Structures are given as C-alpha cells and as structure tokens.
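In what follows, every heavy atom counts, from backbone to side chain, and hydrogens, waters and symmetry copies are set aside. Computed from a prediction, not measured in an experiment: that's the story for all the values here.
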Amino acid sequence: MKVKLAAQVLSRSVADALEYALHHLKHPKFEGCEATILFLKKFNDLFDVLNSRNFLGKGYKSPFMEKNKTKFFQLLDETEAYIRGLKTSSNGELLLTSQRKTGFLGLLVTLKSIKSLFLSLCEGGDLKFLLTYKLSQDHLELFFSAIRSHGGHNNNPTAKQFKAAYVRLLAHHQIMTSDSANCTILDDTNILNVSASKNTYLKSINDSDAQRDDIDQWPAVESLVQDLNYCVNAFRHQSQYSQDVIGYVAGFVVKKLKTSLRCVDCISAVVEKSKSPSNLLLIKNRGGLNLPSDDITNLCKLGEKVFRIFNAAGKLTVRNVMHRLILYTLNDIMSKGMDIFHSLIKHSVDHAPQDNHRIFLIKAVLFEYFKLRLCHAGKTETEKLQANKTRSLNLKSTLFKGH
C-alpha cells in the first residue's frame with residue numbers, strides 16, 4: 001500500500017480544497033461534503049500527533065510532553081470517539097463491526113499504545129518528551145524499498161538477493177529510496193521542489209557582471225506569433241478556479257525568489273501587499289505562506305495563458321522551450337502596455353540598460369513559474385505513456401509469470 005498517497009489525501013490541504021470548492025466556487029458537485037471535510041481534518045490532526053519528529057515543532061506537530069499532555073489526550077480521546085461512531089452509510093452499520101474495520105481497529109490500538117507509552121516513558125520514566133515518528137513503521141518500509149530497488153525490475157527478491165542487497169546497504173552506511181516507495185522520508189522532505197536547474201535571471205540581478213542572455217540565439221517573436229495566433233482566443237479568459245490556483249502557485253514563486261534575491265528593492269517589489277489575494281491562498285494560509293504581490297500574480301496568470309497556448313499547439317517539446325515561453329510572454333506584456341513592477345522604475349535608472357533589474361525580475365518570475373509547469377507537464381505525459389503497460393497494471397502476476 002502506498003502510505004504516502006494516503007497521507008496526502010487525508011490531509012488539511014485536501015480539506016481546504018473542498019472548503020474552497022464548496023464555499024467560494026459553490027460547485028454543485030461538492031454540496032454536502034461537510035462530513036468529508038470534518039473526516040479529513042480529524043485524521044490530519046491525528047497524523048500530525050503520530051508523526052511528530054522535531055523538538056521545535058508547533059501545534060500538533062510538537063513533541064508529546066507534559067505541558068501539552070491535556071491537549072493531546074483530548075484530541076486522541078475525541079478522535080477515538082469519532083472513529084467509534086463512524087458508519088458505512090447514513091443508515092448503515094458501524095464501521096468497526098463491518099468488513100472494513102481492520103484499518104480503523106489498528107488506529108484505535110495505536111491511540112491507546114501512544115497514551116500508554118507516554119504515561120510509562122515520560123510520566124513514569126526518564127524521558128522528557130516523546131517523538132512519535134521514531135515509533136512508526138516508516139523506517140522499516142524505507143528499508144524494504146531500498147532492498148527492492150537493488151533488484152532492478154525484480155522487486156520480489158530471493159534470500160540470496162536479499163542478503164547481497166543488505167550487505168551493500170551496510171557497506172554504504174545510508175539507505176536511499178526511490179520516488180515510488182511506499183513511504184516518504186519525512187525528515188528531509190522538500191515541498192514543490194521541481195528541478196535543480198538554475199535561474200540565470202536571478203544571477204543577473206545579484207551579480208552585475210553576470211553573463212547576460214544572448215538574444216540573437218532566441219527565435220524571432222514574429223515567427224512565434226504567426227505559429228500560435230490561431231489558438232490564442234481559446235485561452236483568453238481564465239476561470240475563477242484557475243485564477244485562485246495560479247495565485248496560490250504565485251506564492252511559491254515568491255518563496256523561491258526571496259531565498260535567492262539579494263537586491264533589497266527587488267525583494268520589496270516581490271513582497272508588496274496584494275489588493276486581491278487568492279481565495280485559496282487565504283484559506284490555506286496559517287501565517288507561514290508567502291503572499292505574492294499583484295504584479296507577481298498577474299505575471300503568473302499571463303504565463304499560464306502562454307503555457308496553455310504552447311501546449312495546445314504542441315510546442316512544449318521544441319528546442320529552448322523555456323526561452324520561447326518567456327519571450328512570447330514578454331511580447332504579450334509589451335503589446336498590452338502592462339506596467340509591471342512600477343516601483344522599480346527609479347531603481348532601474350541606477351543600472352546600465354543591459355542590467356535592468358526590472359526586466360530581469362520579470363524574467364526570473366516567469367522562469368520559476370514555467371519551470372514548475374513544465375515539470376508537471378512532463379510528469380503528466382509520463383503517466384500517460386505508462387498507463388497501459390502490463391507490468392504497471394499486473395505487477396505481481398507479471399513477476400510470478402516470469403515476464
């Protein structure tokens with residue numbers, strides 16, 4: 001079972017998405033999903049308590065200790081009562097007496113075990129706090145994943161193969177897992193880490209002596225416009241849902257830029273207060289998310305329109321697609337006379353024309369957004385190519401047949 005997929009579904013992020021679709025989009029297919037939202041939030045908080053791994057964690061992710069004992073015990077007791085009251089349907093039998101009881105019975109046993117461990121190890125023992133992630137089965141799952149990865153296509157090793165893989169793991173001192181493993185290494189997880197490629201436009205801002213783009217190598221704007229004009233009208237308007245999602249992703253773009261930018265004026269332009277932030281971003285924000293400026297959001301919306309045009313025209317596989325996407329977007333900005341990063345006009349005068357921070361910042365924003373979209377498009381295309389493979393659909397049968 002893919003534990004990491006279950007953890008992603010039973011999360012507050014999915015609950016926030018359902019709330020957004022119910023209250024803001026008012027989508028008829030999401031009417032009456034309040035019970036699902038409550039279910040997701042309950043299990044999200046429970047997963048946080050059962051996966052605390054840092055002494056400096058906040059909320060339910062903090063370690064189990066004497067000062068939060070009352071809060072944690074109350075959550076565990078409420079969750080236990082909630083699970084005991086779950087039914088297979090509105091008028092159906094209790095879940096704990098049905099044929100689907102196994103997973104929920106296991107959770108109840110886990111809740112009682114955690115409380116007993118805390119009482120015996122912290123209150124009646126020498127421990128000052130309890131990090132529950134250290135007690136989970138993830139470490140064993142990661143070890144099994146590393147063993148399977150040493151077998152190549154054969155993930156059902158013999159005793160001899162297991163011994164060889166185990167010796168090799170011991171010799172290399174570290175267990176490495178694949179992206180398709182059942183569990184994720186929570187101690188070193190990066191959110192939305194899409195690529196290791198470098199944003200050269202940020203380097204141009206941070207270092208005035210950096211090598212600038214060779215514009216002569218870029219394709220002519222006129223040829224791009226002629227090739228793509230036929231499908232521009234199809235993406236002229238974006239739905240409210242698309243705009244809110246783009247606004248949320250724009251916050252991630254701001255996060256990436258803030259970690260790399262060293263120019264104070266450019267950082268100020270990036271984090272300017274937005275007049276109309278994304279509804280989805282407001283729902284998901286609990287104080288730690290980056291709110292993008294209106295200019296960042298508008299650039300991402302414009303970039304999304306250009307990306308969809310390229311995708312519809314089958315141009316995402318052409319050479320230098322990143323440069324083509326950025327160039328076409330810049331052409332669109334100039335044709336509409338958009339005033340992006342107006343606060344940087346005076347700042348741009350302080351630099352030579354070829355070192356214009358305003359232009360470089362626009363390109364840096366588009367680069368981060370397109371990098372994320374291209375990664376997603378690549379993953380989607382890979383899933384399509386692998387969808388009908390016999391090995392993916394009938395893995396165990398394929399192994400036992402010897403194919």
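- Looking at Ile37 and Asp16, their side chains never come closer than 4.5 Å, going by heavy atoms from C-beta outward.
- In this structure, Phe162 has its ring center at least 6.0 angstrom away from the ring center of Phe144.
- Partner of Phe64 under the ring pair (Phe, Tyr, Trp, His ring centres under 6.0 Å) criterion, out of Tyr133, Phe118, Phe129: Phe118 alone.
- With sequence neighbours left out, the ring-ring contact (aromatic ring centres under 6.0 Å, His included) criterion links His23 to no other residue.
- Applying the side-chain hydrogen bond (donor to acceptor under 3.5 Å, both in side chains) criterion to Asp77, with sequence neighbours excluded, gives Lys115.
- The aromatic rings of Phe43 and Phe47 stand perpendicular to each other, their planes meeting at an angle above 60°, with 30° marking the opposite boundary.
- Applying the side-chain hydrogen bond (donor to acceptor under 3.5 Å, both in side chains) test to residues at least two apart or on different chains, the pairs with a partner in residues 82-91 are Glu80-Arg84.
- Other residues, nucleotides and ligands contribute at most 12 non-hydrogen atoms within 6.0 Å of the OH atom of Tyr241.
- Between Cys266 and Leu361, the shortest heavy-atom distance links the atoms O-CD2, 4.0 Å.
- Under the rule for a side-chain hydrogen bond (donor to acceptor under 3.5 Å, both in side chains), the partners of Thr132 that lie at least two apart in sequence or sit in another chain are Ser52.
- With salt bridges taken as basic N to acidic carboxylate O contacts below 4.0 Å, one links Glu368 and Lys371.
- Judged as a ring-ring contact (aromatic ring centres under 6.0 Å, His included), and not counting sequence neighbours, the contacts of Tyr20 are His24.
- Asp294 meets the side-chain hydrogen bond (donor to acceptor under 3.5 Å, both in side chains) test with Ser274; sequence neighbours excluded.
- Taking both residues in full, the closest heavy atoms of Ser11 and Gln8 are given as OG-O, 2.7 Å, listed atom of the first, atom of the second, then distance.
- Atom NZ of Lys71 sits in a crowded spot, with more than 12 heavy atoms from other residues, nucleotides or ligands closer than 6.0 Å.
- Glu78 places no side-chain N or O within donor-acceptor distance of the main-chain N or O of Leu75, the cut-off being under 3.5 Å.
- A salt bridge links Glu304 and Arg308; the closest N-O separation between the charged side-chain nitrogens and carboxylate oxygens is under 4.0 Å.
- Among residues two or more places apart in sequence or in another chain, the side-chain hydrogen bond (donor to acceptor under 3.5 Å, both in side chains) test is passed with Ser13 by Lys284.
- Taking CE from Met334 and CG from Asp332, the interatomic distance works out to 9.5 Å, rounded to the nearest 0.5 Å.
- Taking the ring-ring contact (aromatic ring centres under 6.0 Å, His included) definition, one finds that His376 meets it with nothing, sequence neighbours left out.
- When the shell of 6.0 Å around CD of Gln99 is examined, it contains 12 or fewer heavy atoms from other residues, nucleotides or ligands.
- For Phe104, there are no ring-ring contact (aromatic ring centres under 6.0 Å, His included) partners, not counting sequence neighbours.
- Every residue meeting the side-chain contact (heavy atoms from CB on, under 4.5 Å) condition with Asn285, not counting sequence neighbours, appears here in chain and number order: Leu289, Leu291.
- Legend: side-chain hydrogen bond (donor to acceptor under 3.5 Å, both in side chains) pairs involving residues 25-49, not counting sequence neighbours, sorted by first then second residue: Arg12-Asp45, Glu19-Lys41.
- Residues meeting the side-chain contact (heavy atoms from CB on, under 4.5 Å) test with Lys258, sequence neighbours left out: Val254, Val271, Asn290.
- Side-chain contact check for Arg53 and Ser136: no donor-acceptor pair (N or O, by modelled atom type) lies under 3.5 Å.
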Item checked: Chi angles and distances behind the side chain to side chain donor-acceptor pair (under 3.5 Å) call for Ser113, Thr110 -> CA-CA 5 Å; Ser113 299; Thr110 302; 6.0 Å; no
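- Aromatic ring orientation, Phe72 versus Tyr60: tilted (interplanar angle from 30° to 60°).
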